[in-house]
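Structure first, commentary second.
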Amino acid sequence: PSHPKDLEKHQMIRFTDGEASAPEEIEVTDGRARLRIRARGRIQADDLETIKIFALRGEGIGCFPSFICEDEIEKGRLVRVLPKWYFGEG
């Protein structure tokens with residue numbers, strides 16, 4: 001994806017709090033603009049490590065803090081998409 005709206009065409013691995021379904025929309029910001037995008041995907045989990053495992057298996061795009069995946073990014077096993085954009089508050 002080259003723009004946040006492009007994420008709507010991809011499978012997202014969505015985070016849930018364990019008690020409710022993952023949100024249908026997520027908010028992203030680049031520090032100036034805020035966008036709400038539709039987050040579609042068949043996989044949701046209440047654990048960031050689980051989301052990372054699914055992302056490593058190629059099951060979709062995961063949303064998690066960079067400290068969770070620093071090693072995988074460094075080794076080229078994961079790639080950060082949309083590096084100028086952040087989820088939530090950034």
Side-chain angles (χ1 to χ4, degrees):
S2 60
H3 187 272
K5 286 288 185 184
D6 295 339
L7 292 173
E8 293 179 346
K9 302 173 192 166
H10 293 270
Q11 289 289 314
M12 301 289 294
I13 305 165
R14 302 178 304 152
F15 182 78
T16 178
D17 65 8
E19 295 195 18
S21 293
E24 293 293 321
E25 289 188 333
I26 54 176
E27 186 173 288
V28 295
T29 182
D30 65 356
R32 297 171 304 200
R34 288 190 182 280
L35 298 172
R36 292 192 67 76
I37 59 171
R38 188 172 149 255
R40 69 179 187 90
R42 68 186 193 289
I43 299 171
Q44 62 183 31
D46 63 356
D47 175 75
L48 295 174
E49 285 292 327
T50 300
I51 292 173
K52 180 174 79 172
I53 290 167
F54 279 112
L56 285 165
R57 291 176 46 190
E59 299 290 337
I61 296 174
C63 307
F64 37 79
S66 58
F67 70 85
I68 296 284
C69 58
E70 287 173 340
D71 289 340
E72 289 80 4
I73 289 173
E74 198 172 289
K75 294 174 183 171
R77 295 179 65 209
L78 288 176
V79 176
R80 176 145 190 214
V81 297
L82 304 172
K84 295 180 181 178
W85 291 85
Y86 296 90
F87 292 92
E89 298 299 316

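If you're wondering where the values come from, they're calculated on a predicted model, not measured in any experiment.
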Problem set entry | salt bridge (charged side-chain N to carboxylate O under 4.0 Å, His left out) partners for R36, two or more places apart | E25, E27
Problem set entry | E74: salt bridge (charged side-chain N to carboxylate O under 4.0 Å, His left out) partners, not counting sequence neighbours |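 Checked E74 against salt bridge (charged side-chain N to carboxylate O under 4.0 Å, His left out); zero matches.
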Exercise. How about I37 and K5: do any of their side-chain heavy atoms sit closer than 4.5 Å?
Worked result: yes
To the closest 0.5 Å, what do you measure between [atom1] ([X]) and [atom2] ([Y])?
X: L7; Y: K9; atom1: CG; atom2: NZ; value: 10.0 Å
X: I26; Y: E8; atom1: CD1; atom2: CD; value: 9.0 Å
X: R77; Y: C69; atom1: CZ; atom2: SG; value: 11.5 Å
X: Q11; Y: R14; atom1: CD; atom2: CZ; value: 9.0 Å

Exercise. Shortest non-hydrogen contact from P4 to L82?
Worked result: CA-CD1, 3.7 Å
Problem set entry | Qualifying residues under side-chain hydrogen bond (donor to acceptor under 3.5 Å, both in side chains), relative to D30, sequence neighbours excluded |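 Listed in chain order: R32.
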For this session: Applying side-chain hydrogen bond (donor to acceptor under 3.5 Å, both in side chains), name anything that partners S2, two or more places apart in sequence or on another chain.
Result: D6
Exercise. Are I13 and F67 connected in the hydrophobic side-chain network, where two residues link if heavy atoms are under 4.5 Å apart?
Worked result: yes
For this session: With side-chain contact (heavy atoms from CB on, under 4.5 Å) as the test, would you mind laying out the steps for T29 and F87 before giving the verdict?
Result: CA-CA 6 Å; T29 182; F87 292 92; over 6 Å; no
Problem set entry | Heavy atoms of other groups near R40 CZ, more than 12 under 6.0 Å |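 Check passes, neighbour count above 12.
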Got a list of side-chain donor-acceptor pairs under 3.5 Å for residues 48-65, not counting sequence neighbours?
residue: E49; atom: OE1; partner: K52; partner atom: NZ; Å: 3.3
residue: T50; atom: OG1; partner: D47; partner atom: OD2; Å: 2.9
residue: K52; atom: NZ; partner: I68; partner atom: O; Å: 3.1
residue: K52; atom: NZ; partner: E72; partner atom: OE2; Å: 3.1
residue: E59; atom: OE1; partner: R42; partner atom: NH2; Å: 2.8

